Amino acid sequence: MTTVITYGTFDLFHVGHVRLLKRLADLGDRVVVGCSTDEFNRIKGKSVAIPYDQRVEILLACRFVNHVFPESNWEQKREDVLREGANIFAMGDDWAGKFDFLSDIVKVVYLRRTEGISSTQVKVTVRESPKQ
Ligand code: CTP
C-alpha cells in the first residue's frame, strides 16, 4: 500500500486542485491531505473565503482524496508522515526544494502546477466581474 501525503489550503476548490489530486492518486493507493486551518492561514498572512470545515468537506467529496487532517503549524510534517505511514510526500512545484529535508523518511516529489488558475486568481476574477 502506497500512501501519498500532501498539504494545502484548497480554498475555492478549482481544477488546478483536481488535477494535482488526480496525479497524486495515480502515484499511490491512498491520498491523505493536510488542509491548513483558518488560524494557520491567518498566521501565514492569507485570508480564506471558505471556512476550514467546508474545505475539508469539499476535499472529502473528491474521489482522489481518502483522508483529510488539519495542518496547523509548520513543524508537524515529520510527525504526520510517520503517523499516516506516508511513502510519498508530494507538493506542487511552487514549493520546489522546500521539503527536501524530509527525504530521510519519505520520497519527496514536486509536481507541475496547472497554469493560469489559483484560488487568488479566482478571487480577483470574482471581485472584478461586473455586478448584476
Ligand atoms: N496547485 C496546482 N495548480 C494550481 C494551483 C494549485 O497544482 N493551478 C496545487 C498547489 O501546488 C498545491 C495544492 O494545489 O500543491 C494546493 O494549493 P493551494 O495553495 O491551496 O492553491 P492555490 O490555488 O495556489 O492557492 P493561492 O492562490 O491561495 O496560493
Side-chain angles (χ1 to χ4, degrees):
M1 157 93 90
T2 300
T3 295
V4 184
I5 192 167
T6 194
Y7 291 83
T9 306
F10 297 94
D11 196 21
L12 297 170
F13 198 76
H14 57 67
V15 75
H17 296 146
V18 173
R19 290 179 188 166
L20 178 91
L21 293 167
K22 180 181 189 319
R23 281 184 292 158
L24 300 187
D26 289 341
L27 291 178
D29 308 298
R30 180 171 169 260
V31 173
V32 300
V33 180
C35 179
S36 54
T37 62
D38 299 341
E39 172 64 14
F40 188 44
N41 275 288
R42 271 194 291 277
I43 291 168
K44 290 192 286 187
K46 273 174 93 166
S47 69
V48 287
I50 307 294
Y52 173 77
D53 287 352
Q54 292 181 24
R55 288 183 283 115
V56 171
E57 198 173 327
I58 292 164
L59 276 167
L60 287 171
C62 174
R63 67 189 163 105
F64 306 121
V65 174
N66 298 97
H67 173 60
V68 181
F69 60 87
E71 180 195 26
S72 44
N73 62 68
W74 291 111
E75 292 82 32
Q76 71 186 71
K77 296 198 172 61
R78 189 168 285 274
E79 199 181 298
D80 295 340
V81 166
L82 298 173
R83 184 191 63 247
E84 299 296 337
N87 310 92
I88 300 175
F89 181 104
M91 295 291 288
D93 63 5
D94 41 328
W95 292 98
K98 296 267 169 31
F99 298 105
D100 292 356
F101 67 93
L102 292 169
S103 46
D104 58 329
I105 54 166
V106 71
K107 181 177 179 194
V108 179
V109 301
Y110 303 98
L111 302 181
R112 264 238 306 275
R113 282 170 66 93
T114 299
E115 279 171 33
I117 188 156
S118 70
S119 305
T120 306
Q121 186 55 52
V122 174
K123 285 172 200 167
V124 170
T125 304
V126 169
R127 207 176 296 135
E128 287 176 353
S129 67
K131 295 217 165 54
Q132 297 295 322

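These figures come from a predicted structure and were not determined experimentally.
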A.B. asks: Run the side chain to side chain contact (heavy atoms under 4.5 Å, CB included) test against S119 and tell me which residues pass, sequence neighbours left out.
C.D. replies: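 D11, H14, H17.
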A.B. asks: Indicate if I43 and F10 have the same hydrophobic cluster label, given that clusters are the connected sets of ILVMFWY residues with side-chain heavy-atom separations under 4.5 angstrom.
C.D. replies: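 No, I43 and F10 fall in different hydrophobic clusters.
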A.B. asks: State the CD-CG distance between E71 and N73, to the nearest 0.5 angstrom.
C.D. replies: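 E71 atom CD to N73 atom CG measures 8.0 Å (nearest 0.5 Å).
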A.B. asks: For K107, look at atom NZ and say whether over 12 heavy atoms of other residues, nucleotides or ligands are found less than 6.0 Å away.
C.D. replies: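 12 or below, so no.
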A.B. asks: How many angstroms lie between atom CZ of R78 and atom CG of L82, to the nearest 0.5 angstrom?
C.D. replies: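 Answer for the CZ-CG pair, R78 versus L82, is 7.5 Å.
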A.B. asks: Tell me, please, which residues at least two apart from R83 pass salt bridge (charged side-chain N to carboxylate O under 4.0 Å, His left out).
C.D. replies: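 Testing R83 for salt bridge (charged side-chain N to carboxylate O under 4.0 Å, His left out), a comparison that skips the adjacent residues, returns D80.
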A.B. asks: Do the side chains of W74 and V108 join up, straight or via other hydrophobic residues, at under 4.5 Å, putting them in one cluster?
C.D. replies: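 Hydrophobic grouping puts W74 with V108.
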A.B. asks: For residues 45-66, pull every pair meeting ring pair (Phe, Tyr, Trp, His ring centres under 6.0 Å), keeping only residues two or more places apart or in separate chains.
C.D. replies: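 Sorted result for residues 45-66: empty, none.
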A.B. asks: Quick one: does any side-chain atom of N41 pair with a main-chain N or O of S47 as donor and acceptor, under 3.5 Å?
C.D. replies: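 No; judged by distance alone, with no hydrogens or angles, the pair does not exist.
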A.B. asks: When clusters are formed by joining ILVMFWY residues with side-chain heavy atoms under 4.5 Å apart, either directly or through shared neighbours, do V31 and L27 land in the same one?
C.D. replies: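 Result: yes, single cluster for both.
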A.B. asks: Are V109 and F99 connected into the same hydrophobic cluster when the rule is that any two of I, L, V, M, F, W, Y join if their side-chain heavy atoms are below 4.5 Å apart?
C.D. replies: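 No, because F99 and V109 fall into different hydrophobic clusters, even though each may have its own neighbours under 4.5 Å.
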A.B. asks: Tell me the ring pair (Phe, Tyr, Trp, His ring centres under 6.0 Å) pairs involving residues 101-123, sequence neighbours left out?
C.D. replies: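 Of all non-adjacent pairs touching residues 101-123, none passes ring pair (Phe, Tyr, Trp, His ring centres under 6.0 Å).
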A.B. asks: If you apply the rule side-chain contact (heavy atoms from CB on, under 4.5 Å), what do you find for F40 with Q76, and how did you get there?
C.D. replies: CA-CA 12 Å; F40 188 44; Q76 71 186 71; over 6 Å; no
A.B. asks: Is there a path of hydrophobic side-chain contacts, each under 4.5 Å between heavy atoms of I/L/V/M/F/W/Y residues, joining V32 to Y7?
C.D. replies: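 Yes, it is one cluster - the side chains of Y7 and V32 are joined through contacts under 4.5 Å.
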A.B. asks: How close do G116 and Q121 get, heavy atom to heavy atom, and via which atoms?
C.D. replies: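 Smallest heavy-atom distance, with atoms named: O-CG, 4.4 Å.
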A.B. asks: How far does CD1 of I117 sit from OG1 of T120, to the nearest 0.5 angstrom?
C.D. replies: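 Reported to 0.5 Å precision, the distance equals 11.0 Å.
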A.B. asks: Return the minimal non-hydrogen interatomic distance between T37 and P70, and the atom names on each side.
C.D. replies: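 That closest heavy-atom pairing would be CG2-CB, 3.8 Å.
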A.B. asks: Under the salt bridge (charged side-chain N to carboxylate O under 4.0 Å, His left out) test, which residues partner R42, sequence neighbours left out?
C.D. replies: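 Partners of R42 by the salt bridge (charged side-chain N to carboxylate O under 4.0 Å, His left out) criterion, ordered by chain and then number, come out as E39.
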A.B. asks: Go through it in stages, so that I can follow the logic: the residues are L21 and V33, the test is side-chain contact (heavy atoms from CB on, under 4.5 Å), and I'd like the CA-CA distance, side-chain angles, deciding distance and then a yes or no.
C.D. replies: CA-CA 9 Å; L21 293 167; V33 180; 4.1 Å; yes
A.B. asks: Walk me through it: do K77 and I5 pass the test side-chain contact (heavy atoms from CB on, under 4.5 Å)?
C.D. replies: CA-CA 10 Å; K77 296 198 172 61; I5 192 167; over 6 Å; no
A.B. asks: Specify the closest pair of heavy atoms between R55 and D38, including all atoms of both residues, with the distance to one decimal.
C.D. replies: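 Shortest heavy-atom separation between R55 and D38 comes out as NH2-OD1, 2.6 Å.
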A.B. asks: Side chains of residues 86-98: which donor-acceptor partners sit under 3.5 Å, not counting sequence neighbours?
C.D. replies:
residue	atom	partner	partner atom	Å
N87	OD1	T3	N	2.7
D94	OD2	R113	NH1	3.0

